[in-house]
*Asks:* 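Below: one structure in structure tokens.
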Amino acid sequence: MEHAQTASGDGCNKTALKYNHVFLTKRNMKNHIATIFAISVLAACGGGGDSSSSSGTDNVSKYVGTWKTACWTSSIYKDTSNSNASAYLTRTFVISKASNSKLSVSVTDTVYASTDTGCTGSVEATITRTGQNTGTFTSNSTSITSSLGENSFTYAGVASITGASGADNFDVVSAALSSTSNATFTVGNISLNSSDFTGGSAKTALYLSGSTLQLGQSTGNTNYPTALNTTASAIFTKQ
């Protein structure tokens with residue numbers, strides 16, 4: 001997925017964090033998740049929980065809602081006003097129910113300056129992947145909105161994560177931000193490249209505890225997580 005840091009420092013190096021949360025980026029999808037959702041979500045490195053789900057059993061409604069991270073920083077967003085330093089952002093998931101076993105997700109990154117460690121100042125850019133497949137992409141001086149395919153979580157059984165009873169495994173699909181590869185976009189003072197948002201598939205877990213939603217720490221699209229992701233990019237609070 002992407003290089004993610006908390007406000008207090010680097011959450012992981014670029015290689016280790018590629019799949020740190022879901023829905024986010026190419027790095028997300030290669031190493032997470034989930035981002036976003038890396039973001040980046042059954043078998044515990046080859047094992048796993050019950051992957052069966054009846055069409056009549058609702059396994060996903062508890063995750064429906066609007067969820068937002070705290071402030072963190074990522075090298076996929078560069079602050080052109082400060083020597084291309086990594087910008088800060090919050091990420092918002094708007095999760096809706098598509099079926100008893102599938103969730104649809106709209107992902108919005110609200111990006112702040114590289115010096116705004118608390119994400120309390122002016123918003124520099126808003127980047128949204130709607131999860132809709134209308135084939136549309138719009139970009140202006142303040143935002144990008146992309147609707148080039150689905151972002152989804154499909155229920156895949158009960159997760160096997162120590163200390164996270166009730167967590168569920170999910171198969172993740174995320175859409176690319178742009179149909180143009182290796183394209184650089186500038187929104188306000190923020191620069192980003194489409195190669196970091198290529199989309200793809202991954203496996204993650206979701207763990208709900210009160211008003212907090214946490215993603216599993218995945219290894220990509222082969223195995224489901226055996227631990228929770230503890231970086232700021234993977235912990236969401238219900239709004």
Side-chain angles (χ1 to χ4, degrees), residues 1-7 11 14 17-29 32-40 66-81 84-95 104-132 137-151 172 174-178 183-200 202 204 213 215 229 231-237 239:
M1 296 214 3
E2 61 199 67
H3 186 195
Q5 298 170 302
T6 64
K14 291 184 180 180
L17 198 58
K18 285 181 179 179
Y19 272 24
N20 203 11
H21 44 90
V22 293
F23 284 133
L24 317 213
T25 65
K26 173 183 180 181
R27 297 174 192 163
N28 233 328
M29 302 314 303
H32 173 106
I33 60 64
T35 124
I36 170 355
F37 170 136
I39 210 74
S40 331
T66 299
W67 305 85
K68 183 180 178 182
T69 69
C71 190
W72 50 288
T73 187
S74 171
S75 61
I76 65 168
Y77 293 116
K78 303 184 185 304
D79 185 349
T80 60
S81 69
N84 287 327
S86 297
Y88 282 84
L89 71 144
T90 61
R91 172 162 290 145
T92 300
F93 286 166
V94 179
I95 302 178
S104 296
V105 187
S106 174
V107 184
T108 297
D109 291 344
T110 304
V111 188
Y112 298 81
S114 58
T115 55
D116 191 352
T117 59
C119 298
T120 57
S122 299
V123 174
E124 296 288 334
T126 304
I127 313 299
T128 300
R129 284 158 287 167
T130 68
Q132 303 300 309
F137 176 92
T138 59
S139 176
N140 56 42
S141 61
T142 61
S143 66
I144 290 175
T145 301
S146 175
S147 300
L148 299 181
E150 73 173 67
N151 300 321
V172 180
S174 64
L177 178 69
S178 171
T184 298
F185 302 99
T186 300
V187 181
N189 290 321
I190 302 301
S191 175
L192 59 148
N193 192 285
S194 62
S195 63
D196 287 323
F197 299 84
T198 57
T204 194
L213 179 65
L215 304 177
N229 186 332
T231 64
S233 62
I235 300 173
F236 295 75
T237 301
Q239 303 302 292

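On a predicted model such as this, the values are computed, not experimentally measured, just so you know.
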*Asks:* Donor-acceptor pair, distance only, cut-off 3.5 Å: does the side chain of D79 make one with the backbone of N84?
*Replies:* no

*Asks:* Measuring from atom OG of S122 to atom OH of Y112, what distance do you get when rounded to the nearest 0.5 angstrom?
*Replies:* 9.5 Å

*Asks:* I'd like to check T237 versus W67 (side-chain heavy atoms, cut-off strictly below 4.5 Å). Are they in contact?
*Replies:* no

*Asks:* Give a yes or no on whether the backbone of T142 and the side-chain of N140 come within a donor-acceptor separation of less than 3.5 Å.
*Replies:* yes

*Asks:* I'd like to check I76 versus L192 (side-chain heavy atoms, cut-off strictly below 4.5 Å). Are they in contact?
*Replies:* no

*Asks:* Any side-chain donor paired with an acceptor under 3.5 Å for N151 and S174?
*Replies:* no

*Asks:* For a quick test of reading the model, state the closest non-hydrogen atom pair linking T69 to A232 and the distance between them.
*Replies:* CB-O, 3.5 Å

*Asks:* Looking only at heavy atoms, what is the nearest atom pair of S143 and V187, with distance?
*Replies:* N-CG1, 3.3 Å

*Asks:* Compare every heavy atom of Y88 with every heavy atom of S114, then report the nearest pair and how far apart it is.
*Replies:* O-CE1, 3.2 Å

*Asks:* If only side-chain N and O atoms count, and only distance matters, is there a donor-acceptor pair under 3.5 Å linking S194 with S178?
*Replies:* no

*Asks:* For a 4.5 angstrom cut-off between non-hydrogen side-chain atoms, does T92 reach K68?
*Replies:* yes

*Asks:* What distance separates N193 CG from T184 OG1, expressed to the nearest 0.5 Å?
*Replies:* 4.0 Å

*Asks:* Rounded to the nearest 0.5 Å, what separates atom CZ in F197 from atom CD1 in I144?
*Replies:* 8.0 Å

*Asks:* For the residue pair G121 and D116, what are the closest heavy atoms and their distance?
*Replies:* N-OD2, 2.7 Å

*Asks:* If you look at every heavy atom in A87 and T73, which pair is closest and at what distance?
*Replies:* O-OG1, 2.7 Å

*Asks:* Do the side chains of R129 and L177 get nearer than 4.5 Å, heavy atoms only?
*Replies:* yes

*Asks:* Is any side-chain heavy atom of C71 closer than 4.5 Å to a side-chain heavy atom of T117?
*Replies:* no

*Asks:* Please confirm whether the backbone N or O of T130 pairs with a side-chain atom of T128, one donor and one acceptor, at under 3.5 Å?
*Replies:* no

*Asks:* With side chains defined as the heavy atoms from C-beta onward, is the minimum distance between V94 and V105 less than 4.5 Å?
*Replies:* no

*Asks:* Please tell me whether S233 and T231 have a donor and an acceptor in their side chains that are separated by less than 3.5 angstrom.
*Replies:* yes

*Asks:* Can you name the closest pair of heavy atoms from I190 and T80 and give their distance?
*Replies:* N-OG1, 4.5 Å

*Asks:* Do T126 and T110 have side-chain atoms, one donor and one acceptor, less than 3.5 Å apart?
*Replies:* no

*Asks:* May I ask you to check whether F185 and F137 place their ring centers less than 6.0 Å from one another?
*Replies:* yes

